[in-house]
Student: 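First the structure, which I've put down as structure tokens, then a few questions once you've had a look.
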Amino acid sequence: MGIDIIISHTICRIFLFFACGSTPRNINVGSYKIKHGLDLRLMGSPKPSIADASDAGSVSIYPQEFEGIKPRLQVKEGDIVKRGGLLFFDKKNEHLKFRAPAGGRVNAIKLGPRRALTEIEIEVSPNEDVETFQQYTAEQILTLSRDEILSQLLETGYLAYILQRPFSKIADPAVSPKSIFVNGMNTAPFQADIHIAVTENETDFQAGLNILTRLTNGKVNLCIAANPANPSTAVTQAKHVDIHTFSGPHPSGNSSVHIHNIDPISPGDQVWVASAVDVILIGALFLEGVLPATKVVVAGGTGIQEPSRQYYRTRIGGRLDSLLKGRCSEEPYRLLSGDVLSGIQIQPDEYLRFYQSSITAIPASRKRSFLGWMSPGWNQFSASKLFLSSWFKRSASWDFNTNLNGSHRVMVLTGLYDKYMPMRIMVDYLVRAALAHDTDEAVKLGILETDPEDFALCSYVCPSKMDVMGIIRTGLIEIEEEGL
Amino acid sequence: MKFLQDQLEKVKPLFEPGGKLEKLYPLYEATDTFLFTPADETLAAPHIRDAREMKRTMITVLISMMPCVLFGIWKAGHQHNVVNQIANTGFVEDMIQGSLLVLPIIVVSYAVGGAWETLFAIVRKHEINEGFLVTGMLFPLTLPPTIPLWEVAVGISLGVVIGKEIFGGTGFNVLNPALTARAFVFFGTPKAMTGDGIWTSVLDNGQVIEGFTGATPLAVVAQSPDSTNIIQTLQNSDFGEGFTWMRIFLGDFGGSIGESSGPACLIGAAILIVSGVGSWRIMLSCVIGLAAGSYLMNAVGKSGDFIAFTQLSFHYHLVMGGFLFGAIFMATDPVSGTATNKGKWIYGFMIGLLVVLIRVANPAYPEGVMLAILFMNVMAPLIDHFVLQAHIKSRERYLKRFKPHD
């Protein structure tokens with residue numbers, strides 16, 4: 001990283017300037033090699049095929065997923081809503097409305113502690129009505145004003161697919177970000193691969209990118225893998241954006257790493273981030289003028305039986321039963337919305353979450369082994385060199401489970417986390433600053449450039465089983481509350 | 001195994017909140033997780049965790065020390081048998097005699113230090129930390145085999161309590177606890193820790209071998225008159241066997257139990273480096289610092305009639321005394337050493353440099369490894385502070401590069 005990238009970047013620019021006569025907008029402008037990190041080889045990877053699972057029966061929306069909003073409910077149980085019908089809006093910004101992912105009867109409205117709205121469940125009607133919004137052609141999109149686009153995104157709630165950094169909350173429409181990053185790669189195990197998810201939605205994806213270009217005076221950076229397994233030209237040759245390729249182990253696919261290398265966040269900066277899979281939905285909304293009904297999600301992990309580990313086209317917010325029924329392991333397993341590193345635990349009778357495009361199931365394990373610390377370690381994976389397997393089974397895949405593999409201890413080792421952090425961040429000291437509630441120091445050490453997910457590997461390798469992700473999350477919340 | 005596991009489960013309620021022995025929970029936790037890996041599951045992301053944990057990490061350090069322990073036992077026995085002219089002894093007799101001398105010291109260190117660890121864990125309501133497995137073994141290896149056992153007990157108590165627990169326990173200590181323990185014994189009871197008579201156990205009524213003085217190579221050098229040929233002096237000492245470089249490296253003479261053997265220390269270093277548990281940066285920079293210091297002293301020594309120690313060249317400094325042992329096992333303690341990679345280079349270099357300075361310039365005692373490491377332990381947070389400030393500056397410069405020029 002560093003100087004060499006700046007130089008290669010500049011040389012590339014100069015070369016392109018002479019070749020094309022002006023700075024081009026749709027050419028691969030940077031390639032980055034990430035060294036620090038770790039690729040976990042999990043058993044149970046999904047096949048790159050898409051099956052239809054769009055008959056979900058019912059859908060749900062979880063308002064608490066949307067960071068930083070205060071919902072005001074606009075429906076009651078028993079109401080009939082259209083797909084795209086208003087469910088609630090944000091009390092802080094009444095223009096930001098959230099709409100039903102499917103049409104039908106409002107089955108249940110669930111409240112949590114302190115009467116916080118936790119879930120709105122809708123039974124999908126076989127012939128659902130659809131609310132229509134402004135429809136645009138692909139050409140029109142390129143000439144739309146920022147305000148026109150924002151008003152459509154606010155009106156439909158699809159602004160929620162665009163997050164701001166720092167703090168990973170819904171983008172503030174009043175702010176013009178210095179650049180926008182589209183994450184078109186995934187290095188955590190079993191995330192939806194954009195090259196597959198884009199199938200049949202190529203024009204939607206390009207339209208989505210075009211929409212994003214209207215939202216910033218800076219650049220839209222599409223970050224993709226250097227060598228994708230199933231490349232799609234809709235991604236590798238996307239127009240009107242800067243394409244950057246990243247290679248190397250996880251977390252080379254994390255947006256923080258992309259931002260850090262391309263256009264890093266100084267205190268006071270704001271950058272917007274969207275997942276490429278969600279950009280498809282944004283594009284579809286503008287081209288069709290209605291909320292899309294389905295999206296592509298991936299199901300992986302050994303908790304899901306073969307041959308069901310694959311991609312599914314399913315209802316947005318759809319019931320997981322429709323995907324998983326009869327397809328899960330008979331042994332105890334843990335179901336995750338998202339990936340094993342930063343996903344959240346959910347139950348099989350719940351619904352797809354708004355943000356995640358992957359479902360992972362891994363074996364749950366409370367198994368204890370006798371004198372485990374003395375075992376040679378042939379049957380366990382470790383990123384360290386303390387196990388036989390780290391020497392002789394380097395390319396094996398492993399059936400990871402939920403065991404903590406140890407117990408909580410105080411922090412003793414130093415410098416270990418930095419091997420898994422491909423940014424200019426000294427993790428030990430950032431963690432200490434966050435633990436000490438020293439927000440000034442944490443900002444100086446770069447916490448604003450990060451998201452808890454960037455510390456997943458640090459938590460993973462920690463021999464003291466520290467909750468590094470949680471510490472950083474708390475630190476970020478404190479800084480946000482304090483204000484910069 | 002099932003039976004054992006069931007028994008543990010059966011007594012568990014006694015130790016849980018509300019149980020009769022609730023206060024002793026850390027003891028139960030230690031036994032339970034020693035016997036069986038814990039059943040705990042991850043509570044939040046990441047949902048999977050690496051197989052590495054603290055026990056295996058600390059056991060690896062302990063394994064790396066085993067060559068030093070075994071050699072130390074053999075050496076203590078062998079020296080005893082040779083010096084006291086005990087007839088018909090071979091390897092087995094040496095090991096038996098050595099065990100009689102050394103094992104009690106190790107047992108006392110573990111028992112007394114372990115009791116303090118457990119007491120503090122119970123009072124403070126936290127788990128017993130595996131780090132003590134290392135401290136409890138490191139301390140005996142730095143002692144002479146003749147040390148009275150009560151001094152071992154007092155030393156490890158002060159090391160654990162003053163060196164570690166008053167700072168908040170494992171992970172919070174400023175000084176290396178094992179070296180702190182040694183420093184207390186060293187300054188508190190100098191008779192048992194300094195001089196020539198303590199490194200080899202001599203029988204009260206025995207007939208010692210002719211020419212035996214008990215002086216270690218470092219003591220020989222320190223006691224030499226100014227401007228003598230130091231290499232010659234070394235080769236004529238130790239009842240005719242002579243201290244050649246190779247003999248000093250191999251370590252078959254008096255000295256602390258575990259630290260005289262170069263090969264044993266290097267095997268330990270190899271294990272620590274290959275497993276990634278010990279910092280190779282610190283070990284290497286210690287050696288570089290030692291080289292810098294000894295060449296500097298050689299240059300000073302040439303310019304006039306200085307004490308004999310200034311003549312000693314780098315490769316002798318390297319194998320003498322506890323340097324290798326200290327650089328490999330003591331300086332690399334991650335808690336009391338520097339935490340940053342750049343800091344590790346500075347920290348190690350300064351230790352090496354100080355070792356030579358103390359050895360050459362200090363007339364009171366010939367060895368300087370313990371003091372050099374303890375001093376740099378104190379300096380470590382300062383070094384890290386400067387490294388961190390430099391890091392913050394370089395971050396600012398990096399971010400500035402991306403700012404639009406207005």
Side-chain angles (χ1 to χ4, degrees), chain A residues 6 40 263-264 266 334 336 340-345 362 364-374 377 380-387 400-415 418 424 426 428-429 444-446 456-457 459-465 467 469-470, chain B residues 1 4-5 29 33-60 126-127 129-131 168-172 274-277 279 334-335 337-341 344 384 387-388 391-392 394-396 398-404:
Chain A
I6 299 288
L40 294 169
D263 192 10
S266 295
R334 180 183 290 187
L336 305 169
V340 287
L341 287 175
S342 53
I344 50 166
Q345 185 174 0
I362 51 169
S365 168
R366 298 181 59 79
K367 202 176 140 242
R368 312 191 65 183
S369 57
F370 182 62
L371 295 182
W373 51 271
M374 237 165 58
Q380 271 180 303
F381 173 76
S382 172
S384 70
K385 300 266 180 262
L386 302 178
F387 293 71
F400 283 91
N401 59 44
T402 60
N403 199 297
L404 190 60
N405 289 329
S407 30
H408 294 283
R409 291 291 183 262
V410 293
M411 226 166 130
V412 169
L413 296 190
T414 53
D418 290 346
R424 283 167 186 75
M426 292 173 103
D428 288 299
Y429 286 89
K444 278 190 204 160
L445 290 171
L457 281 176
S459 287
Y460 169 81
V461 295
C462 182
S464 305
K465 311 294 170 188
D467 179 17
M469 281 177 91
Chain B
M1 291 314 105
L4 202 56
Q5 208 171 336
E29 200 266 359
T33 60
F34 174 82
L35 288 171
F36 295 95
T37 55
D40 301 346
E41 281 186 89
T42 56
L43 295 175
H47 298 271
I48 56 174
R49 293 299 185 100
D50 198 80
R52 179 186 188 181
E53 30 72 79
M54 230 29 173
K55 282 195 177 59
R56 184 178 285 263
T57 308
M58 290 304 172
I59 291 295
T60 309
H126 62 66
E127 306 85 3
N129 276 290
E130 289 80 7
T170 309
F172 302 95
V274 165
S275 65
V277 174
S279 165
V335 177
T338 40
T340 55
N341 280 345
K344 280 171 183 161
D384 278 338
V387 174
L388 200 64
H391 164 73
I392 289 172
S394 90
R395 271 188 55 76
E396 280 168 2
Y398 177 72
L399 292 178
K400 223 175 187 175
R401 287 216 303 257
F402 293 88
K403 286 272 177 202

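Chain naming here is simple, since letters A, B, ... match the order of the sequence lines and numbering starts at 1 in each.
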Student: Picking from A/Leu457, A/Leu336, A/Leu40, which has the most non-hydrogen pairs under 4.5 angstrom with chain B?
Tutor: A/Leu336
Student: Provide the closest heavy-atom pair for B/Glu41 versus A/Ala364 in the form atom of the first, atom of the second, distance.
Tutor: OE1-CB, 3.6 Å
Student: Any idea which of A/Asp467, A/Ile362, A/Asp263, A/Leu445 has the most non-hydrogen atom pairs under 4.5 angstrom with chain B?
Tutor: A/Leu445
Student: B/Thr338 versus chain A, heavy atoms under 4.5 Å apart: side chain, backbone, both or neither?
Tutor: backbone
Student: Measuring heavy-atom distances to chain B, does A/Met411 have an atom under 4.5 Å in its side chain, in its backbone, in both, or in neither?
Tutor: backbone
Student: Given heavy-atom pairs under 4.5 angstrom as the criterion, report whether the side chain, backbone, both or neither of A/Leu341 touches chain B.
Tutor: both
Student: Against A/Arg409, only a single residue in B/Thr170, B/Thr57, B/Asn129 fulfils side-chain contact (heavy atoms from CB on, under 4.5 Å); can you say which?
Tutor: B/Asn129
Student: Below 4.5 Å from any heavy atom of chain A, which atoms of B/Asn341 appear? Answer side chain, backbone, both or neither.
Tutor: neither
Student: For B/Glu396, is it the side chain, the backbone, both, or neither that has a heavy atom closer than 4.5 Å to a heavy atom of chain A?
Tutor: neither
Student: At a heavy-atom distance under 4.5 Å, which candidate from A/Gly446, A/Ser464, A/Cys462 has the highest pair count against chain B?
Tutor: A/Gly446
Student: Do you know which of B/Ala339, B/Ser394, B/Ala44 has the most heavy-atom pairs with chain A at a distance under 4.5 angstrom?
Tutor: B/Ala339
Student: Side chains of B/Thr42 and A/Arg334 only: does a donor on one sit below 3.5 Å from an acceptor on the other?
Tutor: yes
Student: Are the side chains of B/Glu29 and A/Ser407 in contact, using a 4.5 Å heavy-atom criterion?
Tutor: yes
Student: Is it the side chain or the backbone of B/Ile48 that comes within 4.5 Å of chain A heavy atoms, both, or neither?
Tutor: both
Student: Counting heavy-atom pairs closer than 4.5 Å to chain B, which one of A/Ser459, A/Gly415, A/Ala456 comes out on top?
Tutor: A/Ser459
Student: Rounded to the nearest 0.5 Å, what separation is found between the CG atom of A/Leu386 and the CD atom of B/Glu53?
Tutor: 9.5 Å
Student: Tell me, out of A/Ser384, A/Pro264, A/Gly343, who's got the most heavy-atom pairs with chain B below 4.5 Å.
Tutor: A/Pro264
Student: Please give me the minimum heavy-atom distance between B/Met58 and A/Val412, naming the atom from each residue.
Tutor: CE-CG1, 4.1 Å
Student: Sort out for me which of B/Gly337, B/Pro334, B/Gly276 touches chain A most, counting heavy-atom pairs under 4.5 Å.
Tutor: B/Pro334
Student: Where does A/Asn401 contact chain B at under 4.5 Å (heavy atoms): side chain, backbone, both or neither?
Tutor: backbone
Student: Which pair of heavy atoms, one from B/His47 and one from A/Gln345, lies closest together, and at what distance?
Tutor: CE1-N, 4.0 Å
Student: How close do A/Val410 and B/Met54 get, counting heavy atoms only, and between which atoms?
Tutor: O-CE, 4.5 Å
Student: Examine whether an atom of B/Thr60 lies under 4.5 Å from a heavy atom of chain A, and if so say whether it belongs to the side chain, the backbone or both; otherwise answer neither.
Tutor: side chain
Student: Determine whether B/Leu388 and A/Met426 make a side-chain contact, defined as any pair of heavy atoms from C-beta on separated by less than 4.5 Å.
Tutor: yes
Student: Is there a donor-acceptor contact under 3.5 Å from the side chain of B/Arg52 to the main chain of A/Val461?
Tutor: no
Student: B/Asp384: which residues meet the side-chain hydrogen bond (donor to acceptor under 3.5 Å, both in side chains) condition with it, sequence neighbours left out?
Tutor: A/Tyr429, B/Thr340
Student: What pairs with B/Asp50 under side-chain hydrogen bond (donor to acceptor under 3.5 Å, both in side chains), at least two apart in sequence or on another chain?
Tutor: A/Ser382, A/Tyr460
Student: Of all the heavy-atom pairs spanning B/Ala51 and A/Phe381, show the shortest one and how long it is.
Tutor: CB-O, 3.3 Å
Student: Locate the shortest heavy-atom distance separating B/Pro46 from A/Met469; write the atom from each residue and the value.
Tutor: CD-SD, 3.5 Å
